[in-house]
*Asks:* 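One structure is given below, represented as structure tokens, and several questions about it will come after.
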Number of protein chains: 2
Amino acid sequence: MMTGWEDVRAEVLRRIRARDWAPGAVIPGEETLAVEFGVARATVNRALRDLAEAGLLERRRKAGTRVALLPVRRATLDIPVIRQEVEARGESYGHRVLARRMEAVPLAVAVRMGVAAGTALLFLETLHLAGGRPFAHEVRWLNPVVVPGGVIPDFDRVSANEWLVQNIAYTTGDIAFSAEAASGEEAAALGLCAGDPVFVTERMTWAAEAPITFVRLLHGPGYRLRTML
Amino acid sequence: MMTGWEDVRAEVLRRIRARDWAPGAVIPGEETLAVEFGVARATVNRALRDLAEAGLLERRRKAGTRVALLPVRRATLDIPVIRQEVEARGESYGHRVLARRMEAVPLAVAVRMGVAAGTALLFLETLHLAGGRPFAHEVRWLNPVVVPGGVIPDFDRVSANEWLVQNIAYTTGDIAFSAEAASGEEAAALGLCAGDPVFVTERMTWAAEAPITFVRLLHGPGYRLRTML
DNA sequence: TCCGTCATTATGTATAGACATAATACCGTC
DNA sequence: GACGGTATTATGTCTATACATAATGACGGA
């Protein structure tokens with residue numbers, strides 16, 4: 001029975017997979033489908049919109065809805081706070097602040113953050129532990145200007161990661177992942193050998209056009225970032 | 001003026017960021033907000049649902065809507081066909097099939113694919129080129145059973161990646177990313193030295209409970225997987 | 001033939017009203 | 001006080017209708 005927008009979505013998806021509707025072809029309009037399925041147009045709209053958001057349909061006003069020719073698969077990644085990530089593995093979380101000082105940002109970071117080269121920002125180096133063993137190495141530049149009240153904690157009790165999520169949360173930003181060879185210092189911190197491959201996450205965070213923080217997070221071998229399609 | 005669900009979403013987001021509504025706190029109900037904003041409840045619902053999908057609100061029937069305590073940031077990754085990815089960089093795409101044969105799957109792959117150990121699947125090894133230079137090295141096991149008509153092309157003209165998207169598309173699956181050291185063979189294919197860090201993408205694809213394909217994709221240094229928050 | 005204008009059309013969104021559902025909170029019983 | 005059933009309630013969804021918007025395609029003038 002076709003009672004709900006998820007049923008409509010399932011049936012539309014079935015027809016796409018079964019090639020009843022060929023890739024690139026225009027599918028019937030919402031009104032037509034609504035009549036066929038015996039539901040309101042709004043219900044069909046909800047179903048088709050959902051499939052369009054997933055990248056399987058392409059919709060344009062007046063032009064209609066067509067099956068995506070080369071569907072770009074869209075995966076959603078959850079970016080948890082590191083403590084949660086560790087605890088989700090059933091291990092105990094801990095962290096050690098290795099460095100915390102005001103420092104002139106290197107050029108590469110200044111460019112990424114959109115601040116003048118040589119600007120002094122708070123530099124933080126932290127080691128995240130899972131079950132007492134190194135889990136991730138974090139290097140962070142934090143813009144002290146944007147902190148409400150101007151009071152920045154020492155991050156001994158709450159990691160910068162978690163403190164930021166709770167205090168400057170609801171921001172925008174971008175993330176990039178890559179593989180690199182660990183430098184001598186990085187390797188030492190993570191208990192690896194220099195040159196070992198590390199999984200690098202670089203994240204830039206903004207709040208209302210103001211740069212908040214730039215983080216570079218290193219995970220040793222064995223780390224996997226997972227998601228469902 | 002509060003005329004559309006995006007305006008409602010913007011205002012709610014503003015209040016969350018401004019801490020008018022504290023993290024963890026219950027916000028007013030849909031009906032209340034609808035009256036306050038002068039819109040229908042369905043409009044408020046659309047806005048709040050959108051923010052909940054983004055991970056900023058948590059909604060439960062009867063319990064109401066509350067501001068997420070530790071908002072898990074949700075990033076959406078687009079997984080394009082490799083040819084598109086290369087062409088988007090302004091480089092010309094090409095690929096070479098290095099191996100194509102029926103082969104018993106290794107245990108690790110059999111487990112991941114959910115087939116009996118030793119099952120013979122189609123083994124493919126491909127090198128993807130960008131501007132004539134190695135871009136990615138692909139190792140793939142493909143289940144020939146699921147191919148419509150049973151006819152599998154030689155993938156000389158169209159890469160398996162693209163052929164699958166067009167022919168067995170609209171599937172489910174999962175992806176994992178990691179950093180590894182290149183083996184001698186892998187390094188040779190990509191023009192690297194053994195032990196160099198490579199960015200590894202492993203993807204398992206299913207269609208209606210049947211395993212379709214397992215791919216292991218290696219990108220050399222310099223590759224970055226990017227997304228917006 | 002080319003080009004700008006305008007009617008057409010499919011999707012996008014808003015609305016009021018209704019019922020469904022899940023989960024809490026309350027209340028009575030033991 | 002502990003327990004279990006039930007009323008209450010906020011969200012989830014559907015419907016019918018209406019208008020908004022964008023983009024196409026047809027038409028007509030230069």
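Values in this document were obtained by computation on a predicted structure and should not be read as measured data. First the proteins, then the strands, lettered A, B, ... as listed; each starts at 1.
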*Asks:* Look at the side-chain N and O atoms of Thr43(A) and state whether any lies under 4.0 Å from the OP1 or OP2 oxygen of dT13(D).
*Replies:*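 Thr43(A) to dT13(D) OP1/OP2: no side-chain N or O under 4.0 Å.
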*Asks:* Can you tell me how far apart CZ (Arg41(B)) and CZ (Arg46(B)) are? Round to the nearest 0.5 Å.
*Replies:*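 That separation rounds to 15.0 Å.
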*Asks:* Can you tell me whether the side chain of Arg49(B) and the base of dT13(D) have a donor-acceptor pair closer than 3.5 Å?
*Replies:*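 Under the 3.5 Å cut-off, the side chain and the base do not form any donor-acceptor pair.
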*Asks:* Pick the closest DNA chain D nucleotide for Pro28(B) and for Ala42(B) by heavy atoms, then say which residue is nearer the 5' end.
*Replies:*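 Closest to the 5' end, via its nearest nucleotide, is Pro28(B).
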*Asks:* Quick check on DNA chain D: between Trp5(A) and Glu30(B), whose nearest nucleotide comes earlier from the 5' end?
*Replies:*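 Of the two residues, Glu30(B) wins.
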*Asks:* Tell me: CD of Glu58(B) to C1' of dA23(C), nearest whole Å?
*Replies:*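 My rounded result for the distance is 16 Å.
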*Asks:* Over how many whole Å does the gap from Glu31(A) atom CD to dG12(C) atom C1' extend?
*Replies:*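 My rounded result for the distance is 14 Å.
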*Asks:* With respect to the phosphate group of dA10(C), does any side-chain polar atom (N or O) of Arg59(A) fall under 4.0 Å of OP1 or OP2?
*Replies:*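 Negative; the distance criterion is not met.
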*Asks:* Think Arg60(B) has a side-chain N or O under 4.0 angstrom from the OP1 or OP2 of dT24(C)?
*Replies:*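 For Arg60(B), the contact criterion (side-chain N or O under 4.0 Å from OP1 or OP2 of dT24(C)) is met.
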*Asks:* With respect to the phosphate group of dT13(C), does any side-chain polar atom (N or O) of Arg46(B) fall under 4.0 Å of OP1 or OP2?
*Replies:*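 Checking Arg46(B) against dT13(C): at least one side-chain N or O falls below 4.0 Å of OP1 or OP2.
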*Asks:* Does Asn45(B) place a side-chain N or O at less than 4.0 Å from the phosphate oxygens OP1/OP2 of dG12(D)?
*Replies:*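 Yes, such a contact exists.
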*Asks:* Near Arg74(A) CZ, under 6.0 Å, is it more than 12 heavy atoms from other residues, nucleotides or ligands?
*Replies:*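 For Arg74(A), atom CZ is crowded (more than 12 foreign heavy atoms under 6.0 Å).
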*Asks:* Counting only distance, no hydrogens or angles, is the base of dG12(D) paired donor-acceptor with the side chain of Arg41(B) under 3.5 Å?
*Replies:*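 Per atom types, the contact qualifies.
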*Asks:* Does the side chain of Tyr223(A) pick up a donor-acceptor pair with the side chain of Glu85(A) at under 3.5 Å?
*Replies:*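 Per modelled atom types, Tyr223(A) and Glu85(A) side chains form a pair under 3.5 Å.
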*Asks:* Salt bridge between Glu180(B) and Arg216(B), side-chain N to carboxylate O under 4.0 Å?
*Replies:*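 Here Glu180(B) pairs with Arg216(B) in a salt bridge, since their nearest N and O are under 4.0 Å apart.
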*Asks:* When only distance counts, do a donor and an acceptor, one from the side chain of Arg61(A) and one from the base of dT21(D), lie under 3.5 Å apart?
*Replies:*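 Yes, the side chain and the base share a sub-3.5 Å donor-acceptor pair.
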*Asks:* Of all the nucleotides listed (dG12(D), dA23(C), dT9(C)), which has the minimum atom distance to the side chain of Lys62(A)?
*Replies:*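 From the listed options, dT9(C) comes nearest.
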*Asks:* Just the rounded figure in Å: distance from P of dT15(D) to CZ of Phe37(A).
*Replies:*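 One finds 13 Å between P of dT15(D) and CZ of Phe37(A), rounded.
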*Asks:* Rounding to a whole Å, what distance do you find between Asp50(B):CG and dG12(C):P?
*Replies:*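 Going from CG in Asp50(B) over to P in dG12(C) covers 15 Å.
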*Asks:* Say whether, by atom type as modelled, one donor and one acceptor occur between the side chain of Thr213(B) and the main chain of Trp141(B) under 3.5 angstrom.
*Replies:*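 Judged by distance alone, yes, a pair lies under 3.5 Å.
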